Enquirer: 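Before anything else, here's the structure in question.
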Amino acid sequence: MAEGTEGGCACGALRYRLGSPPMFVHCCHCHDCQRQTGTAFVLNALIEADRVELLRGDPKPTRMPTDSGKPHDVFRCASCQTAVWSVYGGRTEVRFVRVGTLDDPSKMPPDVHIFVRSKLPWVQLPESTPAFDVYYDAKKLWPESSLEGRRALFG
Ligand SMILES: [Zn+2]
Ligand SMILES: [Zn+2]
């Protein structure tokens, strides 16, 4: 994966650059993600917040309701409202960047499928990518370099 991967919103007012590869890429099939995106799943690249360079624009958070009661803030372009990333549980050190907003979304295929229990039946998952009914243990699945990054953030 090339460094300096760029992306942005639909209207072009918001542009960003990712300064390193993501720690991990989630494909989430939970019903919240389906509802909030209006489609079958969401693709989120988990990356350290300080690797996300805002080139232009002004992402504004929208607080989403959650079952857990923990905050989920979706950041959107102030002009066209495209959602570009999320912050979960107030953990501002990590961003969940919407892979579909990359200029080349094919660069970040999912490393894991989660909440497969609510996957739409016509979505076919490849055997080669781990898939879980609900969630998974990052310590077992993430590459060591990503776990190092995670420890640097959270200890
Ligand atoms: Zn926009
Ligand atoms: Zn989800």
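In this text the structure is predicted, and so the values were computed from the model without any measurement. The analysis underlying the following values was restricted to heavy atoms, covering all of them including side chains, and did not include hydrogens, waters or symmetry mates. Read the numbers this way: they start at 1 and go in the same order the structure lists the ligands and their atoms.
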Enquirer: Using a cut-off of strictly less than 2.8 Å, determine whether His29 has an N/O/S atom near the Zn ion (ligand 2).
Expert: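 No, since none of the N, O or S atoms of His29 sits under 2.8 Å from the Zn ion (ligand 2).
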Enquirer: Measuring only between side-chain heavy atoms, which start at C-beta, is Val25 closer than 4.5 Å to Val99?
Expert: yes
Enquirer: Do any of the N, O or S atoms of Cys28 sit under 2.8 Å from the Zn ion (ligand 2)?
Expert: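 Here the distance criterion (N, O or S atom, under 2.8 Å) is met by Cys28, so yes.
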Enquirer: Describe, in one word, how the ring planes of Tyr16 and Trp85 are oriented to each other, choosing from parallel (under 30°), tilted (30 to 60°) and perpendicular (over 60°).
Expert: perpendicular
Enquirer: Just say parallel, tilted or perpendicular for the rings of Phe115 and Tyr135, cut-offs at 30° and 60°.
Expert: tilted
Enquirer: Test of geometry: compute the angle SG(Cys80)-the Zn ion (ligand 1)-SG(Cys77) and round it to 10°.
Expert: 110°
Enquirer: Look at Asp73 together with Arg95 and state whether they make a salt bridge at an N to O cut-off of under 4.0 Å.
Expert: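 Result for this pair is no, no salt bridge flagged.
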Enquirer: Any N/O/S of His26 under 2.8 Å from the Zn ion (ligand 2)?
Expert: no
